[in-house]
Chemist: 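Quick one: this structure, given as structure tokens, is what I'll be asking you about.
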Amino acid sequence: MPGYNLPKTYDFSAIEEPLYAWWEEKGFFKPWNDPNLPNFDPSHKPFVISIPPPNVTGELHLGHAMFVAMEDLMIRYHRMKGEPTLWIPGTDHAGIATQLLVERELAKEGLRREQLGRDEFLRRVWAWKEKYGNIITRQIRRLGASCDWSRERFTLDAGLSRAVREAFVRLYEKGLIYRGLRMINWSPGLRTAVSDLEVEYSEEPGTLYYFKYVLADDPNTYIPVATTRPETILGDTAVAVHPQDERYSAFVGRKVRVPILNRLIPVISDPYVDPQFGTGALKVTPAHDPNDYQIALRHNLEIINIMTEEARINEAGGPYAGLDRFECRKKLWEDMRAAGLVIKEEPYTLTVPRSQRGGEIIEPRLSEQWFVRIKPLAEAALRAVQEGRIRIIPERFTKIYYNWMENIQDWCISRQLWWGHRIPVWYCDDCGAMTVAREDPTHCATCGSMRIHQDEDVLDTWFSSGLWPFSTLGWPEETPDYKYFYPTSVLETGYDILFFWVARMIMFGLEFTGREPFHTVYLHGLIRDEHGQKMSKTKGNVIDPLEVMNQMGTDALRFTLLVGSTPGNDINLSLKKVEANRNFANKVWNAGRFVIGALDMCPLAPQGAPQWTLADSWIWARLQNLLREVERLFESYQFGEAGRQIYDFFWSEFADWYIEIAKIQLAEGGDRAFYTAYTLVRVLDTCLRLLHPFTPFVTEALWGHLKKAAQSKSEAFAPKEGWAEALIIARWPEPKAAEEWEEQKVAEFSLIQEIVRAIRNVRTEKKVPPARKIPTVMVAGEHADMLKEQTQILAALAGIASDHFHILEKRDTKPGNEITLVVSGIEVYIPLADLVDPAEERTRLETELSEAEQQIARLEALLAGPFAQRAPSHIVEKERQKLETFRETAQRLREQLQALGE
RNA sequence: GGGCGGAUAGCUCAGUAGGUUAGAGCGCCUCCCUUACAAGGAGGAGGUCAUGGGUUCGAGUCCCGUUCCGCCCA
């Protein structure tokens with residue numbers, strides 16, 4: 001009995017790693033149709049996903065687990081459908097994150113990167129990357145990701161760097177990249193610019209500070225002004241009021257004195273000022289506020305920067321120079337209070353810009369940076385979605401995408417970091433011209449001078465990520481991979497990076513390749529804890545996917561993520577759910593053990609043509625229905641629902657009913673046993689295929705055992721197309737149109753199930769010991785023949801004593817002292833004197849009768865109304881059938897009650 | 001301020017072709033170690049599908065309004 005040689009419990013820990021190694025070694029992760037090989041056939045359409053590149057120095061979290069599960073599901077599905085399938089893995093260099101990590105390490109040695117110099121520092125980062133860079137990819141393997149590792153890419157690889165260089169130069173040449181002095185978001189901690197998207201705004205309690213702007217020519221008069229950031233007073237270059245504001249019109253054109261510094265600045269009028277806010281007079285700090293900067297441009301105001309890169313006050317701040325921005329706020333305010341310039345303070349809720357990374361307060365800063373002129377790119381990207389060339393799932397995100405694309409601002413792409421793609425721009429020390437080149441230049445393109453130096457900054461990591469779908473395939477080279485695999489098929493990622501990444505890939509893809517980089521965008525939700533809270537270290541509710549896999553297996557985690565989620569919606573993950581799915585994997589394993597064992601209990605070959613039993617036909621019909629459902633759901637990206645249906649079929653129909661009945665059929669021996677084993681093998685085989693994209697390990701392992709057992713038994717158990725080398729490349733089950741006989745068999749089997757449940761129910765109610773067999777008489781009218789054929793099964797499943805079991809068409813003797821059930825018009829009598837209490841029996845029958853009568857009344861009303869005329873006939877017919885059955889049931893119940901009354 | 005999502009069993013959620021007795025997992029109650037599986041089996045309790053209207057023969061599902069929770073953008 002080979003089935004029983006398998007362990008009783010599915011032991012994932014012994015199976016996962018070797019299985020993954022085997023898949024990879026066998027080359028199953030590579031597309032079977034490879035444009036680099038001689039037998040390549042370009043006529044097959046490939047299915048391609050490029051992985052959302054994780055941070056090269058990162059470690060696995062549930063977000064990774066989610067996208068790997070989701071993408072591996074799609075990849076395995078398409079691979080099994082026979083499409084040449086490619087999933088390109090890789091990582092990105094994560095400029096800021098990685099640089100921070102290495103700087104932190106340096107700090108332990110008491111070093112700063114400036115002390116090492118750029119080259120030495122970069123050498124250290126690369127060393128770091130070599131050392132820790134493959135942790136994340138190893139962890140991704142652990143999840144079962146079937147990506148083609150021979151094509152792995154890294155954003156700082158030579159090839160991808162070339163793509164970045166090419167992209168930059170092209171945009172520059174088209175005038176879509178420019179350098180300019182702009183108000184940007186500055187991260188004082190990181191000492192670099194960040195993009196708009198990297199800033200988060202949070203409402204926080206703060207203070208509104210009211211103070212006096214004293215008139216230069218009249219020390220006793222002042223304009224009251226309110227601010228949330230008093231330290232910026234040091235950089236004020238005007239006070240602005242609304243042109244129509246009569247309170248202040250007399251002051252316009254005059255000068256006021258900057259507190260403490262005593263600089264004289266003008267009072268101006270500008271419609272931007274909101275007379276309702278604060279005092280209605282606005283202090284203008286052009287170098288430290290985007291709106292003030294605009295005002296300054298309109299009025300030609302002086303622009304005074306008062307802060308260093310680290311947000312300390314610089315020499316422009318006079319006595320406050322050297323103070324941190326918040327220390328300065330306190331000190332200045334105290335000094336102003338002492339000088340009698342303070343009016344009052346009010347609690348005020350402010351909107352604080354914070355760095356998405358680290359959370360420090362972002363400082364608006366006037367600075368020279370590189371920008372992408374985004375409008376033309378965005379317009380094309382907008383059209384691609386509007387015209388349906390790219391579809392976003394779930395659909396509601398298209399609106400969000402439109403909204404962002406329509407209001408997009410130029411993208412600040414320069415970062416004051418060292419780790420990244422250095423901006424390919426050289427400045428001439430002689431003529432001052434810029435040279436922008438694909439190859440590092442040796443001299444100035446304008447004057448020929450050799451005295452040139454490269455821009456110090458690097459590009460935003462997302463700039464290189466935006467090229468990912470094609471840079472990974474060799475672009476700008478027209479490589480065989482690029483020509484065959486691009487455009488890719490589906491881009492799958494979390495909705496939180498729709499703008500950061502997806503939108504930019506679409507813009508860049510269209511701009512550089514002239515094609516949409518993918519036809520479908522599938523967005524998954526974020527993973528939260530079991531009560532919907534965001535996971536965070538401070539809350540202590542972080543679930544480590546590696547730990548979960550160690551405890552419950554990769555399949556359990558994957559199945560939980562896949563089945564517990566719906567497109568675009570967040571998922572609340574609890575370990576209880578993972579545990580339930582571990583149990584499912586174990587259920588599959590054990591059903592497999594049974595089927596494999598069954599092969600030993602049947603003959604090698606049948607004597608005659610199959611005589612399918614009701615159960616055989618039923619499970620087959622249900623399986624066919626499942627195939628149709630799964631196909632429909634996969635096509636509409638409803639993977640979770642598909643998984644749920646497979647789960648339900650496997651457990652509640654195949655395992656709970658068919659396997660139980662198969663035990664009886666196998667015991668019959670002969671052809672019955674053979675065809676039962678055959679059905680078991682076929683259904684299990686099909687289920688394993690359907691489940692494989694969800695739970696690759698347990699299915700592959702079990703399928704291997706099944707294949708071996710079946711092969712060693714007889715070729716008669718092989719699938720039509722023969723046994724594939726491995727489940728991962730076995731054929732996906734294709735659905736067929738429903739056949740005539742299916743409905744009838746399903747209906748008949750439902751009746752069997754109903755009867756069995758009714759008897760089990762009454763057994764429990766009457767506390768009949770499980771082992772006790774009970775006598776039973778069924779009176780089944782037109783169903784009698786059908787039920788007779790199922791005698792054995794009914795007896796076994798309901799615990800009926802075979803030699804006291806009678807199925808009749810009609811009953812002529814009067815009912816005696818017995819329990820009576822009526823199931824869909826079929827009478828079931830259990831003559832057990834010791835169990836019967838006539839009063840109880842009467843009550844039970846009355847309750848059931850009243851329920852039936854309620855249904856009859858409901859259905860009669862329904863069928864008497866407009867429903868009968870308006871609803872489709874098959875729906876009406878269904879209700880008529882129901883009514884008929886209830887009437888019959890009610891009639892039987894009345895007879896019983898009458899008999900009881902005699 | 002604009003947009004989006006959610007509200008279904010004690011908890012977490014499915015229910016995306018509208019079909020008339022609303023499902024799962026977990027939790028709870030009863031019983032059972034029956035040779036696939038106690039990570040299991042059998043039975044059971046538990047829901048006016050947030051709310052008010054509308055469309056329809058028929059609404060958890062479609063439309064409009066309201067309330068609460070969450071997210072995104074400005």
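Letters A, B, ... are given to chains in the order of the sequence lines, protein chains preceding strands, and every chain is numbered from 1. As the structure is a computational prediction, the values presented were derived from the model and not from experiment.
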Chemist: Summarise protein proximity over nucleotides 1-9 of chain B in one line of letters, 5' to 3': B for base, S for sugar-phosphate only, - for none, counting protein heavy atoms closer than 4.0 Å.
Modeler: --SSS----
Chemist: Mapping A/Trp404 and A/Val563 onto RNA chain B by nearest heavy atom, which one lands closer to the 5' end?
Modeler: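 Closer to the 5' end of RNA chain B: A/Val563.
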Chemist: How does each nucleotide of nucleotides 37-44 of chain B score, in 5' to 3' order, for protein heavy atoms under 4.0 Å: base (B), sugar-phosphate only (S), or none (-)?
Modeler: BSBSSSSS
Chemist: How far does the C1' atom of B/G25 sit from the matching atom of B/G58, given to the nearest Å?
Modeler: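 Taking atom C1' in both B/G25 and B/G58, they lie 31 Å apart.
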Chemist: What is the distance from CZ of A/Phe594 to C1' of B/U34, rounded to the nearest Å?
Modeler: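 It is 13 Å, rounded to the nearest whole Å.
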Chemist: Take atom CD of A/Glu203 and atom P of B/C72, then tell me their distance rounded to the nearest Å.
Modeler: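 It works out to 13 Å between those atoms.
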Chemist: Testing the 3.5 Å rule here: is there a donor-acceptor pair between the side chains of A/Asp292 and A/Tyr272?
Modeler: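 Not at all, the side chains of A/Asp292 and A/Tyr272 share no donor-acceptor pair under 3.5 Å.
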Chemist: Taking all atoms of both residues into account, what is the closest heavy-atom pair of A/Ile571 and A/Thr560, and its distance?
Modeler: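 Scanning both residues, the minimum pair turns out to be CD1-O, 3.9 Å.
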Chemist: Considering only residues two or more places apart or on different chains, which pairs with a residue in residues 758-770 of chain A satisfy side chain to side chain donor-acceptor pair (under 3.5 Å)?
Modeler: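 Checked against side chain to side chain donor-acceptor pair (under 3.5 Å) - neighbours excluded - the pairs reaching residues 758-770 of chain A are A/Lys766-A/Glu840.
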Chemist: Can a side-chain donor-acceptor contact be found between A/Ser355 and A/Glu198 if the only test is distance below 3.5 angstrom?
Modeler: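 Short answer, no.
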Chemist: Heavy atoms under 4.0 Å, any strand shown: does A/Phe886 hit a base, just sugar-phosphate, or nothing?
Modeler: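 The answer is base, as A/Phe886 lies within the cut-off (heavy atoms under 4.0 Å) of a base atom.
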Chemist: Please identify each residue that fulfils ring-ring contact (aromatic ring centres under 6.0 Å, His included) with A/Trp657, with sequence neighbours left out.
Modeler: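 If we apply the ring-ring contact (aromatic ring centres under 6.0 Å, His included) test to A/Trp657, skipping adjacent residues, there are no hits.
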Chemist: Are A/Phe717 and A/Phe674 close enough that their ring centers fall under 6.0 Å?
Modeler: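 Yes - the distance between ring centres of A/Phe717 and A/Phe674 falls below the 6.0 Å cut-off.
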Chemist: Please identify each residue that fulfils ring-ring contact (aromatic ring centres under 6.0 Å, His included) with A/Phe649, with sequence neighbours left out.
Modeler: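 Listed in chain order: nothing, the list is empty.
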Chemist: Take atom C1' in B/C11 and the same atom in B/C28, then report the distance between them in whole Å.
Modeler: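 About 12 Å, rounded to a whole number of Å.
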Chemist: Among all residues two or more places apart in sequence or in another chain, which pass the side-chain hydrogen bond (donor to acceptor under 3.5 Å, both in side chains) test with A/Gln356?
Modeler: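 Per chain and number, A/Gln356 pairs via side-chain hydrogen bond (donor to acceptor under 3.5 Å, both in side chains) with no residue.
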Chemist: Can you tell me, in whole Å, how much space there is between the C1' of B/U51 and that of B/C68?
Modeler: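 Here B/U51 and B/C68 have their C1' atoms 11 Å from each other.
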Chemist: Looking at residues at least two apart in the chain, or sitting in another chain, which of them share a side-chain hydrogen bond (donor to acceptor under 3.5 Å, both in side chains) with A/Tyr402?
Modeler: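 A/Tyr402 satisfies side-chain hydrogen bond (donor to acceptor under 3.5 Å, both in side chains) with no residue once adjacent residues are dropped.
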Chemist: How many whole angstroms separate atom CG of A/Asp496 from atom P of B/C73?
Modeler: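 In whole Å, B/C73 P and A/Asp496 CG are 11 Å from each other.
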Chemist: Once you round it to whole Å, what is the distance between C1' of B/G15 and CD of A/Gln645?
Modeler: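 After rounding, the reported distance stands at 10 Å.
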Chemist: Given the C1' atoms of B/G53 and B/U21, what is the spacing between them in whole Å?
Modeler: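 One C1' to the other, the span is 27 Å.
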Chemist: For the residue pair A/Thr843 and A/Glu846, confirm or rule out a side-chain donor-acceptor distance under 3.5 Å.
Modeler: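 No - no donor-acceptor pair under 3.5 Å links their side chains.
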Chemist: With rounding to whole Å, what would you report as the distance between B/C71 and B/G19 at their C1' atoms?
Modeler: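 Rounded to whole Å, the distance is 35 Å.
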Chemist: Which part of the nucleic acid, if any, lies within reach of A/Glu641 when heavy atoms closer than 4.0 Å are counted: base, sugar-phosphate only, or nothing?
Modeler: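 Here A/Glu641 touches the backbone only, sparing every base.
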Chemist: Run the numbers on A/Tyr495 and A/Tyr522 for ring pair (Phe, Tyr, Trp, His ring centres under 6.0 Å), then give the verdict.
Modeler: CA-CA 9 Å; A/Tyr495 65 74; A/Tyr522 178 98; over 10 Å; no
Chemist: Which residue, A/Ile571 or A/Asn407, contacts RNA chain B at a nucleotide closer to its 5' end, judged by nearest heavy atom?
Modeler: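 Nearest-nucleotide comparison on RNA chain B picks A/Ile571.
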Chemist: Under the rule for ring-ring contact (aromatic ring centres under 6.0 Å, His included), what residues qualify as partners of A/Phe584, not counting sequence neighbours?
Modeler: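 If we apply the ring-ring contact (aromatic ring centres under 6.0 Å, His included) test to A/Phe584, skipping adjacent residues, the hits are A/Phe559, A/Tyr647.
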Chemist: When rounded to the nearest Å, what value does the distance between P atoms of B/U30 and B/A45 take?
Modeler: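 Between the two P atoms, the distance is 15 Å.
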Chemist: Would you please name every residue forming a ring-ring contact (aromatic ring centres under 6.0 Å, His included) with A/Phe499, sequence neighbours left out?
Modeler: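 Here the qualifying residues are A/Trp404.
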Chemist: Would you check if there is a donor-acceptor pair between the side chains of A/Glu203 and A/Thr349 at a distance under 3.5 Å?
Modeler: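 No, no side-chain donor-acceptor pair sits under 3.5 Å.
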Chemist: Expressed as a whole number of angstroms, how long is the span from A/Arg763:CZ to B/U30:C1'?
Modeler: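 Spelled out: CZ on A/Arg763 to C1' on B/U30 is 15 Å.
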Chemist: Rounding to an integer number of Å, can you tell me how far A/Leu633 CG sits from B/A17 P?
Modeler: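 Roughly 8 Å, once rounded to whole Å.
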Chemist: Can you tell me the distance, in whole Å, between the CD atom of A/Glu530 and the C1' atom of B/G27?
Modeler: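 Nearest whole value for this atom pair: 12 Å.
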Chemist: Output all residues satisfying side-chain contact (heavy atoms from CB on, under 4.5 Å) with A/Pro394, sequence neighbours left out; order by chain, then residue number.
Modeler: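 Partners of A/Pro394 by the side-chain contact (heavy atoms from CB on, under 4.5 Å) criterion, ordered by chain and then number, come out as A/Arg396, A/Phe397, A/Leu523, A/Pro567.
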Chemist: Let me have RNA chain B in dot-bracket notation, would you? Count Watson-Crick plus G-U wobble pairs, both distances under 3.5 Å, and use [ ] for pairs crossing earlier ones and | for inter-strand partners.
Modeler: ((((((((.[[[[.)...(...]]]].(((((.......))))).....[[[[[..)....]]]]]))))))).
Chemist: In whole angstrom, give the distance that lies between atom CD1 of A/Ile646 and atom C1' of B/A24.
Modeler: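 Interatomic distance, CD1 of A/Ile646 to C1' of B/A24: 15 Å.
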Chemist: For B/A9 and B/G44, measure between their C1' atoms and round to the nearest Å.
Modeler: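 Looking at atom C1' only, B/A9 and B/G44 are 14 Å apart.
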Chemist: When the P atoms of B/G65 and B/G70 are compared, how many Å lie between them, rounded to an integer?
Modeler: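 Approximately 22 Å lies between the P atom of B/G70 and that of B/G65.
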Chemist: Below 3.5 Å between N/O atoms, which protein atoms pair up with nucleotides 18-20 of chain B? Just atom names and distances, please.
Modeler:
{"from": "B/U20", "atom 1": "O2'", "to": "A/Arg858", "atom 2": "NH1", "distance (Å)": "3.0"}

